[in-house]
Each structure stands twice: as C-alpha cells, then as structure tokens.
Amino acid sequence: MRFLSEINSPADLRQLRVEDLQEVADEVRSFILETCARVGGHTGASLGAVELAVAMHYVFDTPSDRLVWDVGHQAYAHKILTGRRDQLHTIKQYGGLSGFLRRDESEYDTFGAGHASTSLSAALGMAIARDTKKQDFHVCALIGDSSLAGGMAMEALNQAGHLKTRLIVLLNDNDMSIAPAVGALTRYLNRIKEAQSYHRLKEEVGGTLESVPGVGHSLRKAAKTVKDAIAAAVLPGALVNELGFKYIGYVDGHNVPMLVRALEEAKHVDDGPVIVHALTKKGKGYPSPEENYYAWHATGPFDINTGKAIKSTPASPPPPLYTTVFGETMCELMAEDDKIVALTAAMPDGTGVDRVLEKFPERAFDVGIAEQHAITFCAGMACEGLKPVAAIYSTFLQRAFDQIIHDVCLQNLNVTFAMDRAGIVGADGPTHHGLLDIAYLRGYPNIVLMAPKDEAEMRDMLATAVNTEGPAAIRYPRGSGYGVDISAAPKSLKIGKAEVLREAGEIAIIAYGSMVYPAMKAAENLEKDGIDAGVINARFVKPLDSELILTLAQSCRMIVTVEEAYLAGGFGSAVMELLEENGLADKVKIVRMGVPDRIVTHGDPKLLLAKFGLDADGIYTKIKETVEILEERRVNKKRLKIVK
Ligand SMILES: Cc1ncc(C[n+]2csc(CCOP(=O)(O)OP(=O)(O)O)c2C)c(N)n1
C-alpha cells in the first residue's frame with residue numbers, strides 16, 4: 001500500500017495530488033475486499049462507494065464540513081479514511097466497529113445511521129443550524145438511488161428546494177437497492193441518464209459535424225435542438241427547476257478526478273441545494289461481478305480469488321429459515337385464496353416475498369423503501385376486500401407506526417403484519433434489533449398480536465391472521481426454526497388461547513414466541529433440581545389468555561414471563577396489567593424476563609441473548625435464584641414469628 005498505510009485521517013489524504021487519488025481508491029478497495037473476505041460485511045455496497053468516499057474527504061474539509069451518510073452500510077471506505085482502518089476487521093462483531101455510522105464511534109460520523117432515507121433531512125437540519133449560527137461550512141449528504149425514493153428523503157427534497165439553503169447531495173446511483181431498484185423515480189433517473197448519454201453523444205457528433213465543410217454548422221444546430229429538447233424534457237424536470245435544485249451530472253462515480261471536479265463545482269453553488277449525480281456499480285471490483293451481484297450487498301467470508309462464499313458444511317442440513325417458511329406458506333395460502341396479496345418494502349429476499357413475487361407476480365408488490373406507504377397501500381386494498389400481508393422487519397415497521405394506527409387499526413381493516421427479524425438480530429446492532437414491536441403495537445384496540453414458538457406454529461398463525469377480520473401481527477425471529485414437521489396444512493388457531501406445554505405447580509413460566517423452547521429446556525433442568533415449573537406458550541399478547549393467566553395467578557407462587565423484547569410495554573407488562581386490573585397483582589410473585597432499558601449493541605445474537613438471561617441457562621438461573629430468595633424469606637419470616 002503506497003498511500004493507504006500513511007493515511008490516518010482525511011487531512012493526510014488531502015496532502016496528496018489529485019492524480020494520486022485513483023490509486024488511493026484502488027488501495028482502499030483492496031483493503032475492503034481483503035477484510036470482508038475474512039470477516040464478511042456490507043461488501044457490495046461499500047465497494048461501490050469507494051471513490052465517492054475518497055473524493056468527498058478530499059474535497060471537503062472534514063470533519064468541519066459535514067458528511068452525512070444514508071444507511072451507512074456503504075461507508076467502509078469512509079471508516080478506513082477516518083482513522084478506523086486497523087479496526088475494520090472487527091466490523092459488526094461484539095465490541096468492534098459498528099456496521100453503520102455512530103456519532104459515538106467517530107467525529108467524522110456526523111449522524112447515526114442504519115435505517116434508510118434519513119440523510120437529507122439530517123443534512124438539511126445541519127445546514128439550517130449553520131445558517132442560523134452564522135457559521136460557514138459545507139454539508140454534503142450521500143444517498144443511494146433507492147433511499148432517495150423513501151418518503152422522508154422526498155419530504156426533505158421538498159423542503160430543501162423551498163428553503164434554498166446551501167446543501168450538496170451526492171446521489172450514489174447504482175440502479176440497485178438490495179434487490180434491483182423499483183419505482184417511477186428509478187425510471188426517472190434512468191431517463192436522466194439516457195438523456196445525458198444522448199446529450200454527450202450529440203456533443204461529440206456535433207463537434208464532428210461542425211468540421212464537415214459547407215453543411216457542418218446547420219447540422220450541428222439541428223443536433224443541438226434535439227439534444228436540448230431531450231434535456232428539457234428530463235433534466236430541468238422535477239428535480240432541477242420544479243424542486244429548486246441545481247444538477248451536476250452525471251459523473252462516473254468510479255473516476256476520482258471527475259468526482260473531485262464535480263464536488264468542487266458543487267461547493268460553488270451558493271444560492272441553494274445542488275445534486276451531484278454519480279453513477280456507480282454495486283460490488284465494483286468484486287472477484288466475480290458477473291454473478292448476481294445483488295447477493296453481494298452483504299456477505300459472509302468469501303474466497304478472495306473466486307468470490308465464492310466460504311461456508312462450513314454442517315453435519316446435517318440446518319432447519320429452514322423462518323423467512324423461507326413464511327415465503328412458502330404464503331404461496332400455499334395464496335394458491336387457496338385469491339384475495340391474499342403480499343408486500344415487501346425493498347426486502348424481497350430478506351422477507352421471503354421473492355418466492356411470492358415469482359409465483360404470483362400480479363398479487364405481490366415490492367414498494368421500495370417505503371414502509372409508511374406500504375401500510376396505507378395495504379389499508380386501501382383491505383378496504384376493497386383484499387387480504388394484504390405486509391412482510392416488513394420489526395425494526396423497519398417502526399417507520400409506519402401512525403399508518404398502522406390511523407389507517408389500519410382504527411378502521412379495523414384486515415391487514416396482516418408479518419414482522420420478520422423480531423428480537424435481537426445480532427451483527428447489524430441497535431438500529432436493526434426488533435425489540436419494540438410488542439410495545440408499539442399493544443396499546444391500540446383491534447389488533448391481534450401473536451408470536452409462534454416454532455416454524456410450524458408460524459404457519460398456523462399466518463393462516464389465523466389472514467382469516468381474522470381486522471388487523472393481526474405476527475413476530476418471528478431472524479434465522480432458523482427448529483426443524484419441526486411443517487407438512488400439515490396451516491390451520492387457524494383460536495384467538496387469545498395459550499398452549500399449556502407443562503402443567504404448572506407452584507411456578508408457571510409464560511413464554512412468548514422465541515422464548516418458549518428455551519423455557520421448556522429451563523423447566524427440564526429445574527426439575528432435575530427438584531423445582532417444578534410449568535410452561536405456557538402464550539401465543540398471543542393481545543388478546544391475552546386472561547382466563548388461564550388469572551387461574552395461574554391464584555394457584556401459583558410465582559409467574560415468570562419471558563420475551564425477546566424490551567420489557568417496557570412488553571408481554572410481561574401486559575400480564576402485570578391484567579393481574580392489577582383483576583386485583584391479583586400482590587397475590588403472586590411476578591418475575592419479568594426480557595431486554596432491560598438499555599441500547600443493545602451489535603454482536604453474536606446468542607451472546608447478546610445470554611447477557612440478558614434470555615436462554616435456557618438464563619431462565620433456569622433466574623428462577624433458581626428467585627426460588628432461593630423466596631425460601632430464605634419464608635424461613636426468616638418463620639424465625640421472626642418464633643422470636644416474637
Ligand atoms: C427504512 C429502511 N428500510 C429498509 C432498509 C434495508 N436496506 C438497507 S440498504 C437498502 C438498499 C439501499 O439502496 P440504495 O439507497 O440504493 O443504496 P445502495 O445499497 O445501492 O448503495 C435497504 C433496502 C433500511 N436500512 N431502512
């Protein structure tokens with residue numbers, strides 16, 4: 001590495017000549033490839049944004065000038081150039097660098113990221129703060145073409161064009177989301193690219209024509225008119241004239257000197273916002289780019305020469321993913337009922353909706369990064385008698401809170417929310433853990449909330465949800481199920497009815513969703529110690545099986561609730577509320593197990609769950625300790641009575 005080993009901050013980068021920057025970018029790309037080949041990461045997205053990062057840190061005086069990254073998954077080059085090169089191999093691991101941006105990780109991470117479409121709003125806020133405080137620095141937001149289509153980004157564009165403050169938007173246009181980009185904006189960007197190519201072609205042809213003796217000038221004039229007509233139809237269309245943006249582009253997003261020139265030009269636009277439109281290729285430099293490179297948006301370790309994933313072959317095939325079972329079950333249900341439609345918000349492969357899109361293209365939709373729209377779109381379809389199933393990760397559904405309440409629940413519409421990645425997701429960390437859905441969905445009438453103990457029950461819950469009048473949500477975790485038999489046709493469950501798996505004696509463990517199997521294991525281990533604990537698979541948090549829980553509260557000494565979610569407002573809270581409402585709150589010892597009031601970092605999910613006692617060992621230990629404390633108290637109480 002001729003340059004990179006000496007670059008410990010962007011100030012070092014800025015000492016170099018523009019002519020050297022392409023080589024710097026090559027070195028950064030090699031470094032990302034070598035690191036991701038070993039530890040995995042958002043390889044494809046980051047490889048595509050290498051030159052953008054180099055050019056931005058060269059042109060802007062970071063951190064005084066503010067760079068705001070959208071999502072942050074493509075920012076590995078930014079991390080490398082801002083003093084984190086030697087830690088890159090720890091990315092997404094417990095105690096290591098975050099896979100996204102965090103203000104507490106670096107002063108160069110001006111805004112935390114992880115969810116899409118936030119950069120323009122944040123950057124605009126910074127620009128306005130700068131103006132208000134009469135300061136003078138540049139603000140540059142980097143956003144991908146798919147994230148630009150997100151509602152928030154559109155809202156920010158709208159305000160930026162209105163405020164006319166100085167703001168630079170670098171558009172990283174690779175025609176890809178995680179899956180291929182969708183939507184009319186994608187088409188619009190493509191038209192800009194086509195018009196630009198035509199424009200360039202005409203310029204070249206024009207120059208040639210000019211040199212033709214006699215007719216050259218008039219031919220060139222004609223060419224110019226066509227060029228102008230096309231440019232007028234596309235370039236000054238919505239983005240430039242109507243929304244009040246200047247436009248620089250397009251630029252080859254892998255040519256650093258060109259990017260430097262474009263960004264320098266953008267710095268001189270001082271009467272409003274400007275978009276620099278850079279074309280990039282996702283996975284640029286990846287060893288096998290011809291292979292379906294959207295699979296390389298994020299990768300595990302791979303062979304650096306061939307690009308093939310390195311996977312240890314397990315002795316037996318792993319159980320199917322919840323996501324896969326969801327996709328297949330949807331296909332089965334949709335084959336039976338032509339009212340069911342499926343929806344994803346830019347995550348067809350991540351949610352299993354890719355299978356449905358293939359099988360039922362007329363009844364499956366990828367709406368792009370548009371969770372809010374997705375839900376109200378579902379509400380509209382439900383008004384007309386369809387049964388939409390929106391498959392959205394628990395964390396991304398947070399975006400659509402008001403749409404769920406105002407558009408679906410209030411009107412009691414038959415929309416199903418299939419919340420994949422509910423719980424601790426692991427390496428993607430705090431922005432991606434799905435720990436809030438119980439709390440954010442539980443407080444409003446009409447909705448049915450459920451969580452399966454395994455993949456067979458998930459199938460039944462999906463059937464239950466689509467066949468229930470009104471909204472219903474199912475939360476299920478990231479990763480594999482238990483390999484249970486899923487050959488039976490999915491059947492509807494009785495709403496609000498729990499499943500007793502082990503009869504309760506003095507202790508009842510009521511577990512929700514992913515915590516049911518660990519609770520069973522804990523109960524088996526407790527039995528070996530002479531502690532008899534029953535296990536209830538709650539199935540529903542709304543409505544709760546109040547009859548069963550109230551009976552348990554009267555017959556047991558201790559009720560333990562276990563959930564893979566924040567305790568505040570969660571399943572255990574629902575049980576406590578029920579007991580309080582029925583005057584039983586002080587009749588029974590309640591122990592709530594779940595995630596306490598703190599931000600959960602990134603890392604191996606098993607390790608993170610263990611930290612909160614959310615595994616068989618943790619449940620066992622908590623119950624054993626509580627039993628011992630209660631016993632001690634009982635003995636002390638008896639002693640006190642004797643002394644009296
Ligand atoms: C609100 C939200 N929905 C979905 C995602 C998942 N996601 C992460 S990156 C990505 C694609 C982003 O595409 P684009 O903005 O074009 O950037 P690129 O990856 O192509 O660089 C998606 C859908 C997210 N991070 N946030």
Side-chain angles (χ1 to χ4, degrees), residues 32 41-53 68-78 92 98-101 112-122 141-155 169-183 185-186 189-190 253-254 277-284 286 293-299 343-351 353-354 366-375 390-401 403 419-421 425 427-434 478:
I32 293 176
H42 279 106
T43 312
S46 280
L47 288 175
V50 169
E51 287 79 8
L52 304 183
V68 185
W69 292 77
D70 209 273
V71 188
H73 64 308
Q74 74 296 57
Y76 289 19
H78 161 80
K92 297 175 91 177
S98 158
F100 302 95
L101 294 200
H115 287 200
S117 313
T118 62
S119 62
L120 302 194
S121 302
L142 177 130
I143 187 163
D145 51 310
S146 294
S147 299
L148 182 66
M152 265 183 87
M154 285 287 144
E155 290 167 32
V169 176
L170 177 53
L171 174 59
N172 175 16
D173 183 358
N174 55 20
D175 232 357
M176 291 288 292
S177 182
I178 294 177
V182 294
L185 189 83
T186 300
L189 290 175
N190 284 335
H254 298 300
H277 186 180
L279 305 196
T280 61
K281 186 168 187 318
K282 209 160 191 167
K284 166 93 174 157
Y286 191 79
Y293 62 92
Y294 97 76
W296 295 104
H297 173 86
T299 69
L343 232 116
T344 172
M347 311 293 289
D349 50 330
T351 55
V353 172
D354 50 356
D366 179 357
V367 299
I369 305 175
E371 289 80 4
Q372 295 155 285
H373 157 70
I375 299 310
I392 297 181
Y393 291 6
S394 162
T395 186
F396 299 142
L397 194 63
Q398 286 164 200
R399 276 278 161 94
F401 181 59
Q403 286 72 15
M419 299 182 295
D420 201 326
R421 310 306 199 262
V425 297
D428 281 339
T431 53
H432 283 58
H433 295 314
R478 177 176 187 271

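Excluded from the calculations below are hydrogen atoms, water molecules and symmetry mates; all remaining heavy atoms, backbone and side chain alike, are included. Both ligands and their constituent atoms are indexed starting at 1 by order of listing.
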Trainee: Verify, without hydrogens or angle tests, whether Asp173 (side chain) and Asp175 (backbone) share a donor-acceptor contact under 3.5 angstrom.
Mentor: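 Side chain of Asp173 to backbone of Asp175: a pair is present.
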Trainee: Has the side chain of Gln74 got a donor or acceptor atom that lies under 3.5 Å from a matching backbone atom of Gly72?
Mentor: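 Yes; judged by distance alone, with no hydrogens or angles, the pair exists.
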Trainee: Could you state the interatomic distance from OG1 (Thr431) to CG (Leu101), rounded to the nearest 0.5 Å?
Mentor: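 One gets 10.0 Å once the value is rounded to the nearest 0.5 Å.
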Trainee: Say whether, by atom type as modelled, one donor and one acceptor occur between the side chain of Ser117 and the main chain of Ser147 under 3.5 angstrom.
Mentor: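 Checked: pair present.
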Trainee: Check this for me, if you would: do Arg478 and Asp420 make a salt bridge, where the nitrogen-to-carboxylate-oxygen distance has to be below 4.0 angstrom?
Mentor: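 Salt bridge between Arg478 and Asp420, a charged N being under 4.0 Å from a carboxylate O: no.
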Trainee: Does Glu51 offer a backbone N or O that forms a donor-acceptor pair with the side chain of His254 under 3.5 Å?
Mentor: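 No.
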Trainee: Give me the nearest non-hydrogen protein atom to atom 11 (C) of ligand 1 as residue plus atom name, then the distance to 0.1 Å.
Mentor: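 For atom 11 (C) of ligand 1, the nearest protein heavy atom comes out as Ser177 OG, 3.3 Å.
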Trainee: Which of the atoms of ligand 1 are close to Ala116, meaning less than 4.0 Å from one of its heavy atoms?
Mentor: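 Contacts of ligand 1 toward Ala116, numbered from 1: 1 (C), 2 (C), 24 (C), 25 (N), 26 (N).
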Trainee: Please list, in number order, the atoms of ligand 1 under 4.0 Å from a heavy atom of Ala346.
Mentor: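 Near Ala346, the atoms of ligand 1 are 23 (C).
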Trainee: Quick check: does any side chain N or O of Lys282 sit under 3.5 Å from a backbone N or O of Ser177, one acting as donor and the other as acceptor?
Mentor: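 Side chain of Lys282 to backbone of Ser177, a donor-acceptor pair under 3.5 Å: yes, one is there.
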Trainee: Determine whether His42 and Phe100 satisfy the following criterion, ring-ring contact (aromatic ring centres under 6.0 Å, His included), listing intermediate values before the conclusion.
Mentor: CA-CA 9 Å; His42 279 106; Phe100 302 95; 5.5 Å; yes
Trainee: What atoms of ligand 1 come closer than 4.0 angstrom to any heavy atom of Asn174?
Mentor: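 Taking each heavy atom of Asn174 in turn, ligand 1 has 18 (P), 20 (O), 21 (O) under 4.0 Å.
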Trainee: Can you name the nearest heavy-atom pair linking Thr118 to Met152, along with the distance?
Mentor: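 In this case the closest contact between Thr118 and Met152 is CA-CE, 4.1 Å.
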Trainee: Of the side chain and backbone of Asp145, name the one, both, or neither that has a heavy atom under 4.0 Å from an atom of ligand 1.
Mentor: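 Both backbone and side chain of Asp145 come within 4.0 Å of ligand 1.
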Trainee: Atom 24 (C) of ligand 1: which of Phe396, Tyr393, Phe100 has the nearest heavy atom?
Mentor: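 Heavy atom nearest to atom 24 (C) of ligand 1 belongs to Phe396.
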Trainee: Pull out every atom of ligand 1 sitting under 4.0 Å from any heavy atom of Arg399, numbered as shown with elements.
Mentor: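 Those of ligand 1 that fall under 4.0 Å from Arg399 are 1 (C).
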Trainee: If you have a sec, work out which protein heavy atom is nearest atom 6 (C) of ligand 1 and how many Å separate them, to one decimal?
Mentor: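 Answer, as residue, atom name and distance: Met347 SD, 3.5 Å.
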Trainee: Please identify which atoms of ligand 1 are closer than 4.0 Å to at least one heavy atom of His297.
Mentor: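 Reading through ligand 1 atom by atom, the close ones are 9 (S), 19 (O).
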Trainee: Does Gly48 come within less than 4.0 angstrom of ligand 1, counting non-hydrogen atoms of the residue?
Mentor: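 Contact absent.
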Trainee: Tell me which protein heavy atom sits closest to atom 18 (P) of ligand 1, plus the residue, atom name and distance to 0.1 Å.
Mentor: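 That would be Lys282 NZ, 3.4 Å.
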Trainee: For ligand 1, is there an atom lying under 4.0 Å from some heavy atom of Gly114?
Mentor: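 Contact present.
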Trainee: Could you check His433, Arg421, His115 and say which one makes a side chain to side chain donor-acceptor pair (under 3.5 Å) with Thr395?
Mentor: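 Exactly one candidate clears the test, His115.
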Trainee: Test Ile143 against every option in Val71, Leu170, Val68, Val169 by the side chain to side chain contact (heavy atoms under 4.5 Å, CB included) rule and name the one that passes.
Mentor: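 Of all the options given, the one that passes is Val169.
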Trainee: Students should be able to answer this: which protein heavy-atom is nearest to atom 3 (N) of ligand 1, and at what distance?
Mentor: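 Result: Glu371 OE2, 2.7 Å.
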Trainee: Under 4.0 Å from a heavy atom of Ser147: which atoms of ligand 1 are those, numbered in the order shown and with their elements?
Mentor: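 Matching atoms, with element in brackets: 12 (C), 14 (P), 15 (O).
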Trainee: Hey, does His42 sit under 4.0 Å from ligand 1 if you only count heavy atoms?
Mentor: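 Judged by the 4.0 Å heavy-atom criterion, His42 does not count as contacting ligand 1.
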Trainee: Heavy atom to atom 10 (C) of ligand 1, shortest distance: which of Leu171, Ile178, Asn172 holds it?
Mentor: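 Shortest heavy-atom distance from atom 10 (C) of ligand 1: Ile178.
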Trainee: May I ask you to list the atoms of ligand 1 that are less than 4.0 angstrom from any heavy atom of Gly144?
Mentor: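 Answer for ligand 1: 14 (P), 15 (O), 16 (O), 17 (O).
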Trainee: Starting from atom 16 (O) of ligand 1, locate the nearest protein heavy atom and write down its residue, its atom name and how far away it is, to 0.1 Å.
Mentor: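 Closest protein heavy atom to atom 16 (O) of ligand 1: Met176 O, 2.8 Å.
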